[in-house]
Enquirer: 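One structure follows; several queries about it will come next.
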Amino acid sequence: MASLLVNIFSIFLIIICIFTPQALSVVPEECKTETDGCTNKEKALPLKIIAIFSILIASIIGVCSPLFTRSVPALNPERSLFVIVKCFASGIILATGFMHVLPDSFDMLTSKCLKENPWHKFPFTGFVAMLSAIVTLIVDSVATSIYSKKSNNEVIPEVASPAGGRQQDVAVVNVGHFHGHHHGLKPAQGAVDQQLLRNRVIAMVLELGIVVHSVVIGLSLGASNNTCTIKGLVAALCFHQMFEGMGLGGCILQAEYKAMKKFTMAFFFSVTTPFGTALGIALSNTYKDNSPTALITEGLLNASSAGLLIYMALVDLLSAEFMGQKLQGSIKLQIKCYAAVLLGAGFMSLMAKWA
C-alpha cells in the first residue's frame, strides 16, 4: 500500500507541475492585485524560506510524536488517554475540512475573476466535495474488501511489536477450516486482523487527503509577496501542520506498519507543504493566484480534499471510535472524548482567523 501512495503522490505532483504554469494566463483587469506597502518581493523571500523550515520542523514533530507513544505507558493505544488524544486530533481534522479547506474553495470558485457562467450559477464546491466524499467511501469500502479477501489465505505482513521489533507473520486461514479441530487462527484473532486492515486503509486514504490540501496551501504561501500576511500565516500553519500531523500520526501508529513504511508516510506528510511553498517561490514571477486557471485548479483540489477530510473525520475516525466497545462501555470516557473533539475542532476553527 505504501507503493500505491507513492504512485498517487507522484501523479498528483505531476498534475500540479503541469497546471500551475498555466496560471500565468492573462488576469482580468479588475482582478489584478493592488500593490501597497506590504507587497515587497525582496522582503517576502527570506520570510518564505524561514516558513519552509519552520513548517517542516512543526510537521515532523506533529506526525512523529504519536509514533513514539508506545514507550510512554499512559499513551499506549489501549489506554483511555490515547483515545482522548485521538478524538482531539480527529476534531482538528474535521475542522480543517469545514473551517479551512471548504471556505477557501468557496472563495476561489465564486471569485469575481471567474466567468459568470458556469462558476456563479452552480455550487461547484459543494458538488465536488460531495463527489469526493462518495469516492472516498467507494475507495474505503473496496480497499477494505480486497485486502480482507486477500488476508483469508495470506499473511498479514509487517506487524510491528510494541517493543519496536517485528512479530512473526500470522497466517489468516479460511473460516471453513475451523470445523472439528480448531486449526489455525481463532475468530478473535481474525477480528483483530480485520481491524488492522481497516486501520491501514484509513491511514492511507487520510494521508492522501492531507497531502493534497498541504501542497495547495504551500503553493499559495510561496506565491504570495505580502509581508503583512506571511508572518501571521507562517505561525498559524505551523500549529495547523503540527496538530493535523498528530491526527495522522495516531492513524499510522494504529496501522502497525514496520519502520520503513512509517517513515515513508511521515516523510510525505512533512515535506508536502514545504514542497508547495518552494514551488510557489519558483513560480512567483509568473504564477498569479487570482488568475482563472489558478482559482479553478486550487478551488477544485480544495473541494476534493474537504470532502475526503470530512468523510474520514466523521465516518472512519469519530464514528468508529464512539460506536466502538471501549467508548460504548463508559459514559464517563465518552464525555471526555466529546470534550476533546470540541476542543480540537474549536482550536482549529480559531486558527481559521489567520490561516
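Throughout, numbering of the chain's residues begins at 1 and tracks the sequence.
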Enquirer: Kindly indicate whether the side chain of Phe269, heavy atoms from C-beta on, has any atom under 4.5 Å from the side chain of Ile252.
Expert: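 No - every pair of side-chain heavy atoms lies 4.5 Å or more apart.
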Enquirer: So, Ser224 side chain and Ser220 main chain: donor-acceptor pair closer than 3.5 Å or not?
Expert: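 Side chain of Ser224 to backbone of Ser220, a donor-acceptor pair under 3.5 Å: no, none is there.
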Enquirer: Please lay out, stage by stage, how Val341 and Ser90 fare under the test side chain to side chain contact (heavy atoms under 4.5 Å, CB included).
Expert: CA-CA 7 Å; Val341 172; Ser90 299; 5.6 Å; no
Enquirer: Looking only at atom types and distance, does a side-chain atom of Lys262 sit under 3.5 Å from a main-chain N or O of Ala255, one as donor and one as acceptor?
Expert: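 Here the side-chain-to-backbone pair does not exist.
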Enquirer: For Val205 and Thr136, work out which heavy atoms get closest and say how close.
Expert: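 Shortest heavy-atom separation between Val205 and Thr136 comes out as CG1-CG2, 3.7 Å.
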Enquirer: Assess the residue pair Tyr338 and Phe322 against the criterion (ring-ring contact (aromatic ring centres under 6.0 Å, His included)); give the C-alpha distance rounded to whole Å, side-chain angles, the decisive distance to 0.1 Å, and a yes or no.
Expert: CA-CA 9 Å; Tyr338 289 140; Phe322 280 97; 4.7 Å; yes
Enquirer: For the NE2 atom of His213 and the CD1 atom of Ile93, what is their distance to the nearest 0.5 Å?
Expert: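 Going from the NE2 atom of His213 to the CD1 atom of Ile93 covers 10.5 Å.
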Enquirer: Contact between Leu333 and Ile84 at the side-chain level, heavy atoms closer than 4.5 Å - yes or no?
Expert: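 With C-beta onward as the side chain, the pair touches.
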Enquirer: Are any of the side-chain heavy atoms of Met204 and Met265 separated by less than 4.5 Å?
Expert: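 Answer yes - side chains close enough.
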Enquirer: Would you say Phe263 has more than 12 foreign heavy atoms packed within less than 6.0 Å of its CZ?
Expert: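 No, CZ of Phe263 has 12 or fewer neighbouring heavy atoms, counting only those of other groups under 6.0 Å.
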Enquirer: Using every non-hydrogen atom in the two residues, find where Glu244 and Ser214 come nearest and quote the distance to one decimal.
Expert: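 Reported closest heavy-atom pair: OE1-OG, 4.3 Å.
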Enquirer: Kindly give the heavy-atom pair with the smallest separation between Cys337 and Val83, and that separation in Å.
Expert: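 Distance-wise, the nearest heavy atoms are SG-CG1, 3.8 Å.
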Enquirer: Quick one: closest heavy-atom pair of Ser270 and Ser59, and the distance?
Expert: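 Closest approach of Ser270 to Ser59, heavy atoms only: CA-CB, 3.7 Å.
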Enquirer: Tell me who clusters with Phe53, hydrophobic residues only, linked when side chains sit under 4.5 Å apart either directly or through other members.
Expert: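 Phe53 shares its hydrophobic cluster with Leu45, Ile49, Ile52, Ile281.
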Enquirer: Grab the two heavy atoms, one from Leu301 and one from Val212, that are nearest each other, plus how far apart they are.
Expert: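 So the minimum-distance heavy-atom pair works out to O-CG1, 3.9 Å.
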Enquirer: Quick check for you: to the nearest 0.5 Å, what is the distance between Leu131 atom CG and Leu308 atom CG?
Expert: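 Going from CG on Leu131 over to CG on Leu308, the span is 13.0 Å.
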Enquirer: Please tell me whether Ser132 and Ser304 have a donor and an acceptor in their side chains that are separated by less than 3.5 angstrom.
Expert: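 Side chains of Ser132 and Ser304: no pair found under 3.5 Å.
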Enquirer: Under 3.5 Å, is there a donor-acceptor pair between the side chain of Thr297 and the main chain of Thr293?
Expert: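 Indeed, once roles are kept as given, a pair shorter than 3.5 Å links the two residues.
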Enquirer: Nearest 0.5 Å please: distance from the CG atom of Leu318 over to the CE atom of Met323.
Expert: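 Between atom CG of Leu318 and atom CE of Met323 there are 10.5 Å.
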Enquirer: Using the side-chain hydrogen bond (donor to acceptor under 3.5 Å, both in side chains) rule, take Thr125 and Ser105 through it: C-alpha gap first, then chi angles, then the decisive distance, then the call.
Expert: CA-CA 6 Å; Thr125 294; Ser105 179; 3.0 Å; yes
Enquirer: Counting distance only, does the side-chain N/O of His100 pair as donor-acceptor with the main-chain N or O of Ser349 below 3.5 Å?
Expert: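 No, His100 side chain to Ser349 backbone: no donor-acceptor pair under 3.5 Å.
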Enquirer: Would you call Val215 and Thr273 a side-chain contact if the rule is heavy atoms closer than 4.5 Å?
Expert: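 No - every pair of side-chain heavy atoms lies 4.5 Å or more apart.
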Enquirer: Evaluate side chain to side chain contact (heavy atoms under 4.5 Å, CB included) for His120 paired with Leu109, printing each intermediate quantity in order.
Expert: CA-CA 8 Å; His120 292 256; Leu109 296 182; over 6 Å; no
Enquirer: Should Trp119 and Leu295 be marked as a side chain to side chain contact (heavy atoms under 4.5 Å, CB included) after you check the CA-CA gap, both sets of side-chain angles, and the distance that decides it?
Expert: CA-CA 11 Å; Trp119 301 104; Leu295 289 169; over 6 Å; no
Enquirer: Given side chains that start at C-beta, do those of Thr272 and Ile210 come closer than 4.5 Å, heavy atoms only?
Expert: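 A side-chain contact under 4.5 Å is absent here.
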Enquirer: Over all heavy atoms of both residues, which pair between Ala306 and Leu102 is shortest? Give the atoms and the distance, please.
Expert: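 Answer, listing the atom of Ala306 first, then Leu102: CB-CD1, 3.6 Å.
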Enquirer: Check for a donor-acceptor pair, side chain of Ser305 on one end and backbone N or O of Gly209 on the other, with a separation under 3.5 Å.
Expert: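 Answer holds: yes.
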Enquirer: Could you walk me through whether Val201 and Asp140 pass the side chain to side chain contact (heavy atoms under 4.5 Å, CB included) test, one step at a time?
Expert: CA-CA 7 Å; Val201 172; Asp140 200 8; 3.3 Å; yes
Enquirer: Using 0.5 Å steps for rounding, measure from the OG atom of Ser291 to the CD1 atom of Ile296.
Expert: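 One gets 8.5 Å once the value is rounded to the nearest 0.5 Å.
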Enquirer: Any chain of hydrophobic side-chain contacts (each under 4.5 Å) joining Phe122 to Met108?
Expert: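 Yes; Met108 is reachable from Phe122 via cluster members.
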Enquirer: Nearest 0.5 Å, please: how far is CG in Leu114 from CZ in Phe124?
Expert: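 Atom-to-atom, Phe124:CZ and Leu114:CG are 10.0 Å apart.
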Enquirer: Looking only at atom types and distance, does a side-chain atom of Gln254 sit under 3.5 Å from a main-chain N or O of Asn199, one as donor and one as acceptor?
Expert: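 Not at all, since once roles are kept as given, no pair shorter than 3.5 Å links the two residues.
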Enquirer: Working note: Lys48 + Asn225, criterion side-chain hydrogen bond (donor to acceptor under 3.5 Å, both in side chains); need CA distance, chi angles, decisive distance, verdict.
Expert: CA-CA 9 Å; Lys48 288 186 277 189; Asn225 289 318; 3.1 Å; yes
Enquirer: Quick check on the hydrophobic clustering: are Ile55 and Ile57 connected, directly or via other members, by side-chain heavy-atom contacts under 4.5 Å?
Expert: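 Each belongs to a different hydrophobic cluster.
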Enquirer: Aromatic rings Phe243 and Phe239: how do their planes relate, parallel, tilted or perpendicular, breaks at 30° and 60°?
Expert: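 Rings of Phe243 and Phe239: parallel, under 30°.
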Enquirer: Within the side chain of His240, is there an N or O that forms a donor-acceptor pair under 3.5 Å with the backbone of Thr96?
Expert: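 Answer holds: no.
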Enquirer: Check whether any side-chain heavy atom of Asn290 lies under 4.5 Å from a side-chain heavy atom of Ser111, and answer yes or no.
Expert: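 Heavy-atom side-chain distance check fails, nothing below 4.5 Å.
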Enquirer: Is Val234 close to Ile50 at the side-chain level, that is, under 4.5 Å between some pair of heavy atoms?
Expert: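 No, every pair of side-chain atoms sits at 4.5 Å or beyond.
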Enquirer: When you look at CZ of Phe267, are more than 12 heavy atoms from neighbouring residues, nucleotides or ligands closer to it than 6.0 Å?
Expert: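 No.
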Enquirer: Suppose the criterion is side chain to side chain donor-acceptor pair (under 3.5 Å): which pairs have a residue in residues 315-332, not counting sequence neighbours?
Expert: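 Found Lys86-Glu321, Arg198-Asp316.
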Enquirer: Atom CZ in Phe88, atom CE in Met348: separation rounded to 0.5 Å?
Expert: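 Those atoms lie 9.5 Å apart.
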Enquirer: For the residue pair Met246 and Ile92, establish whether any side-chain heavy-atom pair is separated by less than 4.5 Å.
Expert: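 Result no, sub-4.5 Å side-chain heavy-atom pair not found.
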